[in-house]
There are 2 protein chains.
Amino acid sequence: MGLSKTAFVILGMLRMGKRTGYEIKALVDVSTRHFWAASYGQIYPELKRLEEGGLIEGQAAETGKRRRREYELTASGERALHDWLTAGPPLHVELRHEGVLRFFFSAPLDPGEQVELLRSIRSEHATVRGELEAIRPAAETLEGEGNPPLSVLEWGIAYQDFVINWCSETERRIIEQTASGQRS
Amino acid sequence: MGLSKTAFVILGMLRMGKRTGYEIKALVDVSTRHFWAASYGQIYPELKRLEEGGLIEGQAAETGKRRRREYELTASGERALHDWLTAGPPLHVELRHEGVLRFFFSAPLDPGEQVELLRSIRSEHATVRGELEAIRPAAETLEGEGNPPLSVLEWGIAYQDFVINWCSETERRIIEQTASGQRS
DNA sequence: GGGCTCATGTAAGTGGTTACATGATTAT
DNA sequence: ATAATCATGTAACCACTTACATGAGCCC
């Protein structure tokens with residue numbers, strides 16, 4: 001059975017402990033979302049498929065509270081996860097960045113508008129950076145013990161910084177060029 | 001009419017001159033692909049829609065060679081492009097990176113396997129970096145004159161470098177930690 | 001009682017890829 | 001002659017999002 005990448009997100013999350021679909025979604029939203037998003041519309045059907053495939057096992061939670069179904073990895077699920085982790089390339093990489101796309105086509109804009117565009121790209125990345133920084137304390141206390149490496153969060157923050165700096169730098173160059181152009 | 005982002009890729013490409021669908025696809029493959037990919041399955045139907053919407057105009061190319069249909073922007077297409085370029089946020093941003101995802105879930109791996117994973121991420125980014133560097137000469141000669149800014153290509157290269165460095169750094173840390181762990 | 005969070009689920013739609021079919025022209 | 005490239009197109013499929021429906025328990 002060919003598993004989607006998103007299936008491995010679920011397997012990976014379950015490796016860290018029993019979880020409901022709802023909990024998996026909440027975890028995704030504060031972690032993998034930034035490099036692999038997933039919605040309810042994927043998670044719930046995928047949980048069903050994975051259970052049918054014998055990679056996970058669910059049971060109604062004993063707590064007499066709300067109706068909830070907790071899943072855990074089976075041995076074969078753990079194997080599938082490990083196989084995926086150690087499989088070689090190719091690694092799926094996909095980037096869709098409307099800001100860069102606009103700037104790529106920004107020739108019709110005057111310098112002021114170009115700078116404005118770069119500023120809004122920068123501001124959106126600054127927002128994400130803030131979100132990631134907010135997660136840091138929690139991620140730090142969780143480090144080690146089968147939990148995700150902190151370096152992934154650091155990658156995320158550094159990536160935001162990278163884009164932010166590229167924007168600043170590019171804004172600066174445009175402003176400089178415009179000034180010198182007007183002089184000549 | 002709500003245009004998809006990919007529609008703007010087409011409008012943007014046509015702003016630089018008359019193009020056939022085939023040519024647009026070829027251009028996308030050496031430029032926007034890295035931050036906004038598009039396939040024939042999108043481009044040809046979208047050309048039809050855009051023409052029906054009056055944003056572009058196509059005509060059978062006069063050259064008596066192959067059957068080909070060249071499109072150009074109409075005034076309203078140009079307006080639509082400009083409106084999109086100057087529209088504010090939100091800017092669609094999406095990243096799917098299987099390498100980082102695997103590393104995020106890499107707790108079950110032993111240090112050697114983790115390093116191996118990082119190495120393969122690094123190698124794939126090095127490949128892309130090479131592709132981008134190969135484009136540079138062409139991009140440099142094209143700069144200015146309503147053409148895309150070189151800084152976008154530089155962004156692409158710097159992004160590859162960023163990931164490559166993050167991998168190296170993280171590999172180094174794992175190797176160091178493992179060595180010190182064995183000593184104790 | 002009312003609003004929030006927990007919790008599960010699905011239907012409809014979107015956006016996109018893959019793979020194929022077709023055929024003309026050019027280069028070797 | 002034949003392989004590569006130019007060129008247009010589409011059908012089937014896949015992954016994913018959005019928006020909604022439903023309801024229970026929790027907190028004020």
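Side chains are part of it too, since the values below use all heavy atoms of this structure and drop only hydrogens, waters and symmetry mates. Chain letters run A, B, ... following the sequence lines, proteins first, then strands; residues in each count from 1.
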inquiry  = If you take the centroid of each ring, where Trp contributes its six-membered ring, are A:His125 and A:His97 closer together than 6.0 Å?
reply    = yes

query = So what does B:Lys48 touch, heavy atoms closer than 4.0 Å: a base, only the sugar-phosphate, or nothing?
reply = sugar-phosphate

D:dC16 phosphate, OP1 or OP2, under 4.0 Å from A:Thr6 side-chain N/O = yes

query = Out of C:dT17, D:dT10, C:dG23, which nucleotide sits closest to the side chain of B:Tyr40?
reply = D:dT10

query = Think A:Tyr22 has a side-chain N or O under 4.0 angstrom from the OP1 or OP2 of C:dT8?
reply = no

task = Give the rounded distance in Å between these two atoms: CD1 of B:Ile24 and C1' of D:dC6.
result = 15 Å

ask   = Of the candidate nucleotides C:dT8, C:dT10, D:dT8, which contains the atom at the shortest distance from the side chain of A:Pro45?
value = C:dT10

inquiry  = Can you tell whether the side chains of B:Glu94 and B:Arg96 come within less than 4.0 Å, N to carboxylate O?
reply    = yes

query = Whole Å only: how far is the NE2 atom of B:His92 from the C1' atom of C:dG16?
reply = 11 Å

request  = Could you check B:Arg69 against A:Gly41 and say which one's nearest nucleotide on DNA chain D is further toward the 5' end?
outcome  = B:Arg69

task = Please determine, for the side chain of A:Tyr44, which listed nucleotide (D:dT17, D:dA7, C:dT10) has the closest atom?
result = C:dT10

key: Closest listed nucleotide, where the reference is the side chain of A:Ser39 and the choices are D:dT17, C:dG16, D:dG23   = D:dT17

request  = Would you sort out whether B:Glu70 and B:Arg19 count as a salt bridge (charged side-chain N to carboxylate O under 4.0 Å, His left out), showing the intermediate values?
outcome  = CA-CA 5 Å; B:Glu70 281 182 335; B:Arg19 302 263 187 271; over 6 Å; no

remark   = B:Lys5 atom NZ is separated from C:dT14 atom C1', nearest whole Å, by 13 Å

inquiry  = Between B:Arg96 and D:dC16, is there a contact of a side-chain N or O with OP1 or OP2 at under 4.0 Å?
reply    = yes

message = Quick check for you: among C:dT8, C:dT17, D:dT10, whose closest atom lies nearest to any side-chain atom of B:Gln42?
response = C:dT17

message = In this structure, how many angstroms lie between the P atom of C:dT26 and the CZ atom of B:Arg68, rounded?
response = 12 Å

task = Would you please confirm or rule out a distance under 4.0 Å between OP1 or OP2 of D:dC6 and any side-chain N or O of B:Arg67?
result = no

request  = Could you state the atom-to-atom distance from CD of A:Glu23 to P of C:dC6 in whole Å?
outcome  = 10 Å

For atom CD of B:Glu94 and atom P of D:dA15, their distance in whole Å = 14 Å

query = Which whole-number value in Å describes the distance from B:Ile10 CD1 to C:dG16 C1'?
reply = 13 Å

request  = Just call it for B:Ala37: base, sugar-phosphate, or nothing, with non-hydrogen atoms closer than 4.0 Å on any strand.
outcome  = sugar-phosphate

key: Presence of salt bridge, B:Arg69 and B:Glu23, under 4.0 angstrom   = no

note = Here the distance between atom P of C:dG9 and atom CD of A:Glu46, to the nearest Å, is 14 Å

task = Indicate, with a heavy-atom threshold strictly under 4.0 Å, whether B:Thr20 touches base, sugar-phosphate, or nothing.
result = sugar-phosphate

ask   = Taking the six-membered ring where the residue is Trp, are the ring centres of B:Phe103 and B:Trp166 under 6.0 Å apart?
value = yes

inquiry  = Please classify the nucleic acid contact of B:Gly21 as base, sugar-phosphate, or nothing, using heavy-atom distances under 4.0 Å.
reply    = sugar-phosphate

task = Answer with yes or no whether the side chains of B:Thr74 and B:Glu57 bring together a donor and an acceptor at under 3.5 Å.
result = no

